[in-house]
Amino acid sequence: MTLEQAKEKLAKYGQEHVLQYYEELTEGERQALLDQIEATDMSILEACSHREDLVKKGVITPLAAMQLSEIEANRESFTETGLAAIRAGKVGAVLLAGGMGTRLGSEDPKGMYNIGLTRDLYIFECLIRNLMDVVRQADTWIHLFVMTSDKNHESTTRFLKEKDFFGYRPEYVHFFQQEMAAAVDYQGRIYLEEKGKMATSPNGNGGWFVSMKNSGLLDVVHREGIEWLNVFAVDNVLQRIADPCFVGATIRKECAVGAKVVKKNAPDEKVGVMCLEDGRPSIVEYYELTDELMNARDENGDPAYYFGVILNYLFRVPDLERLAAGNLPLHIVEKKIPHLDGEGRPVKPEEPNGYKFENLVLDMIHQMDSCLPYEVVRNREFAPIKNKTGVDSVESARALLQENGVTL
Ligand code: UTP
């Protein structure tokens with residue numbers, strides 16, 4: 001993109017200030033800034049002016065989950081179906097590791113966090129060990145796709161290579177980077193992170209399939225005959241990945257997506273719950289749950305919105321490919337954004353000072369025709385690490401790992 005073209009694009013969106021230090025930059029920095037301007041989708045910035053419209057929900061009704069008793073009664077046959085699909089190479093896994101892990105407050109990618117007490121035990125290591133259980137059970141390797149972002153790609157790939165992928169076969173590990181989105185102040189003006197660089201943030205975990213496609217990795221998916229992708233978060237160290245029983249249940253129920261869920265531990269627990277929205281599968285976030293929905297009961301007298309999602313979904317690839325063509329809703333999230341002040345000095349804010357733009361994986365569920373909420377035992381499969389201490393923290397995850405027999 002030429003300087004003239006960049007000026008034109010910025011003027012269209014009222015962002016001319018992005019070039020304010022252009023004259024001070026070296027030739028290389030100028031080119032990098034022009035490239036960044038070219039690659040940035042500025043149309044999303046307009047969403048700041050109608051934020052309320054973005055979060056409107058349709059009519060919410062309950063969606064029944066497959067509960068533990070039903071799973072236990074069918075465990076053997078579901079597992080058999082799942083293992084057959086895994087052995088046929090039809091199941092891949094996608095690790096979402098592009099987040100910033102701001103709440104944990106470590107400079108390194110979250111997966112590099114060492115939660116061991118008497119020995120080293122990294123988050124990535126826990127996840128790979130869990131996946132290896134299935135590799136051993138099925139006696140076959142499973143392709144693992146790892147999503148990183150511009151902010152952590154280098155360190156993530158270097159770390160995993162240094163650690164020999166914790167015993168995983170390198171040919172089965174594929175990295176791809178998610179896209180970045182501009183970060184803006186409350187008026188929708190893009191912040192400058194450096195004189196020659198706009199402030200950006202990873203574009204949310206919902207961009208994973210489009211990013212995977214843009215990086216060319218769908219070639220691997222097609223070549224290997226992968227029909228299902230199990231997407232999971234980096235921060236749940238008890239995560240069961242490519243779980244044969246879950247895979248089998250989703251296949252047998254002929255659903256486009258399976259979602260692992262846990263019983264909420266309190267009506268107001270801060271997890272998104274599975275539901276139907278205008279008759280289609282969906283997730284209602286905890287802050288969208290009205291008192292009426294929170295207290296609603298199903299025909300058995302149980303809470304109607306009782307099953308929280310844990311960011312472990314099994315998507316059918318053809319349905320994802322259909323979806324990739326469509327747009328996911330945009331979420332605008334408040335964030336602390338490091339930037340240059342009026343005098344060009346770097347500022348690291350203590351409080352949120354603007355917005356980032358994200359697509360969320362949970363919105364992909366609403367685009368699918370059918371979904372199987374599949375209950376798992378909370379204390380065996382859900383130990384998220386969001387914070388250092390307190391709820392969903394390093395401390396709580398350590399206790400749960402010990403409860404499950406892991407030496408720390
Ligand atoms: P969270 O929503 O908990 O965000 O991510 P986070 O970035 O890890 O942590 P905070 O909010 O800054 O403290 C849930 C999952 O989605 C991934 C994360 O890596 C995690 O596995 N994620 C999130 C991405 O891959 N990309 C993103 O842009 C955001």
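Ligands are counted one by one from 1 in listed order, and the atoms in each one are counted from 1 as well.
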Salt bridge flag under 4.0 Å for residues D235 and K386: yes
Contact atoms of ligand 1, heavy-atom distance to M100 under 4.0 Å: 7 (O)
Taking atom 26 (N) of ligand 1 as the reference point, the nearest protein heavy atom with its distance: Q178 OE1, 2.7 Å
Protein heavy atom at shortest distance from atom 25 (O) of ligand 1: G98 N, 2.8 Å
Close N or O approach (T102, ligand 1; < 3.5 Å): yes
Salt bridge flag under 4.0 Å for residues R345 and E194: no
Identity and distance of the protein heavy atom lying nearest atom 28 (O) of ligand 1: G204 N, 2.9 Å
Nearest non-hydrogen protein atom, atom 11 (O) of ligand 1: R103 NH2, 3.0 Å
Check ion pair E375-K263 (N to O, under 4.0 angstrom): yes
R280 bridged to D369 by N-O distance under 4.0 Å: yes
Subset of ligand 1 atoms that lie under 4.0 Å from at least one heavy atom of K386: 1 (P), 3 (O), 14 (C)
Heavy-atom pair with the smallest gap, counting every atom of I115 and L408: O-CD2, 4.1 Å
L96 N/O to ligand 1 N/O under 3.5 Å: yes
Salt-bridge present (D278, K57; N to O < 4.0 Å): no
Part of P202 with heavy atoms under 4.0 Å of ligand 1, whether side chain, backbone, both or neither: both
salt_bridge(R297, E292) N-O dist < 4.0 Å: no
R103/D392 salt bridge by N-O under 4.0 Å criterion: no
Parallel, tilted or perpendicular: ring planes of H153 versus F175, cut at 30 and 60 degrees: perpendicular
Heavy-atom proximity to atom 9 (O) of ligand 1, best of A97, P384, G101: G101
Test of proximity, A233 against ligand 1: N or O pairs below 3.5 Å: no
For atom 8 (O) of ligand 1, the protein heavy atom that lies nearest, with its residue and separation: K110 NZ, 3.5 Å
L311 contact mode with ligand 1 (heavy-atom cut-off under 4.0 Å): side chain
Salt-bridge contact E395-R398 (side-chain N to carboxylate O under 4.0 Å): no
Distance-only N or O hit between ligand 1 and F232, under 3.5 Å: no
Ring centroid separation Y122 to Y113 under 6.0 Å: no
Closest protein heavy atom (residue, atom, distance) for atom 24 (C) of ligand 1: G99 N, 3.2 Å
Interfacing atoms of ligand 1 (cut-off 4.0 Å, heavy-atom, M147): 25 (O)
Protein heavy-atom partner closest to atom 16 (O) of ligand 1 - residue, atom, separation in Å: N205 ND2, 3.2 Å
